[in-house]
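To keep things clear, I will list the structure first and then write my remarks on it.
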2 protein chains.
Amino acid sequence: MNVQIFSALAEPNRLNIVELLLEGPLQVGDIAKKLEMNQPQTSKHLRVLCDAGLVEVQPVANRRIYRIKPEPLQELDKWLNSYRRLWEARMDRLDDYLDVLQGKKTLN
Amino acid sequence: MNVQIFSALAEPNRLNIVELLLEGPLQVGDIAKKLEMNQPQTSKHLRVLCDAGLVEVQPVANRRIYRIKPEPLQELDKWLNSYRRLWEARMDRLDDYLDVLQGKKTLN
DNA sequence: ATAGAATATTCCTGTAAAGGAATATTTTGA
DNA sequence: TCAAAATATTCCTTTACAGGAATATTCTAT
């Protein structure tokens with residue numbers, strides 16, 4: 001699992017941008033307006049999201065339209081799924097572990 | 001969606017710890033050994049994971065056994081699901097947006 | 001009570017990242 | 001070609017965070 005997506009989403013403004021773009025593509029100015037950020041910071045955050053592959057640009061005339069790239073979200077989903085049975089059940093392996101501590105079992 | 005979980009998972013060592021603990025509870029020393037980190041940094045990262053609610057402690061004698069708390073992962077899963085249809089289809093709303101730009105439709 | 005094991009915390013330092021302000025760049029429209 | 005709009009980048013400053021080393025804390029066992 002690539003850590004970059006977590007890093008990109010760890011910033012509140014960027015998470016807001018992603019949630020906004022999930023509803024549809026937008027140009028920079030409108031993102032800034034809707035989220036009440038100023039333009040330079042918006043561009044900077046979009047750059048980070050771009051680098052993380054969460055977003056892509058489509059230049060149209062004067063504007064730059066940003067939209068979500070689903071791949072990283074799919075990857076995150078796959079990661080969660082691969083561990084789902086572990087964190088869903090979580091059948092207290094704690095008891096087993098206590099046995100290990102008491103020498104009844106061995107640790108790998 | 002709380003940003004704290006992303007922030008906690010944005011550090012490679014911490015992501016490793018989480019993936020390790022998903023397979024079962026472990027005490028600090030063993031985590032450090034398995035991930036080849038030294039003990040103080042391990043404790044520090046565990047603290048961050050604790051604060052983020054991703055992990056909980058169970059003191060047993062001398063040791064402290066850490067284990068996964070599934071709630072934040074469930075929350076993350078719910079977040080992904082709530083947007084799934086958006087990023088899965090992504091039916092190019094770009095065309096719609098281009099119409100907006102040309103004044104054929106209006107923006108909210 | 002005390003030594004020792006396991007773990008947590010503190011102090012220090014370097015580095016990365018975020019916001020503000022200013023400026024550069026790109027593209028359009030005339 | 002030129003002014004203006006939209007966006008990106010740079011510079012600066014402040015803050016947060018990570019690792020290393022040392023030390024404090026907590027608990028056990030004797």
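Atoms considered below: every heavy atom in the structure, side chains included; atoms not considered: hydrogens, waters and symmetry mates. Order of the sequence lines sets the chain letters (A, B, ...), proteins ahead of strands, with each chain counted from 1.
A:P40 comes within 4.0 angstrom of a base, heavy atoms only.
Nearest nucleotide to the side chain of B:E11, out of C:dA8, D:dA18, C:dG19: D:dA18. If you check C:dA21, C:dA8, D:dG19 against the side chain of B:S43, the one that comes closest is C:dA8. Which of C:dA8, C:dT9, D:dT26 sits closest to the side chain of B:N62 comes down to D:dT26.
Atoms CD (A:Q4) and C1' (C:dA16) sit 14 Å apart, rounded to a whole Å. As rounded to whole Å, 8 Å separates atom P of C:dT9 from atom CZ of B:R64. If you measure from atom CG of A:N38 to atom P of D:dT10, you get 18 Å, rounded to the nearest angstrom. If you measure from atom NE2 of A:H45 to atom P of D:dT9, you get 14 Å, rounded to the nearest angstrom. Atom CE of B:M37 is separated from atom P of D:dA21 by 14 Å (rounded to the nearest Å). Summarising the geometry, the separation between CG on B:L9 and P on D:dC17 is reported as 15 Å, rounded to the nearest angstrom. When rounded to the nearest whole Å, the span between CD of B:Q41 and P of C:dC11 equals 16 Å. The distance from atom CG of A:L46 to atom P of D:dA6 is 16 Å, rounded to the nearest whole Å.
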Q: I would like to know whether B:N13 and B:T42 meet side chain to side chain contact (heavy atoms under 4.5 Å, CB included); could you show each step before the answer?
A: CA-CA 8 Å; B:N13 292 306; B:T42 306; over 6 Å; no

Q: Please lay out, stage by stage, how B:E75 and B:I5 fare under the test side chain to side chain contact (heavy atoms under 4.5 Å, CB included).
A: CA-CA 10 Å; B:E75 189 191 352; B:I5 184 183; 5.8 Å; no

Q | Test side chain to side chain contact (heavy atoms under 4.5 Å, CB included) applied to B:M1 and B:L76, step by step | A | CA-CA 8 Å; B:M1 181 67 204; B:L76 180 53; 3.9 Å; yes

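Ion pairing between B:R47 and B:D51 holds under the 4.0 Å rule for side-chain N and carboxylate O.
Considering CD of B:Q74 and CG of A:L80, their distance stands at 10.5 Å, rounded to 0.5 Å.
In terms of position along DNA chain C, the nucleotide closest to A:V48 lies nearer the 5' end than the nucleotide closest to the other residue of the pair A:A61 and A:V48. Heavy-atom distances to DNA chain C give each of B:V57 and A:K44 a nearest nucleotide, and the one nearer the 5′ end belongs to B:V57.
The phosphate of D:dA8 has OP1 or OP2 within less than 4.0 Å of a side-chain N or O from A:Y66. Dashed line: the shortest gap from a side-chain N or O of A:R63 to OP1 or OP2 of C:dT27 is not under 4.0 Å.
Side-chain N/O atoms of A:Q39 and base N/O atoms of D:dA6 include no donor-acceptor pair closer than 3.5 Å.
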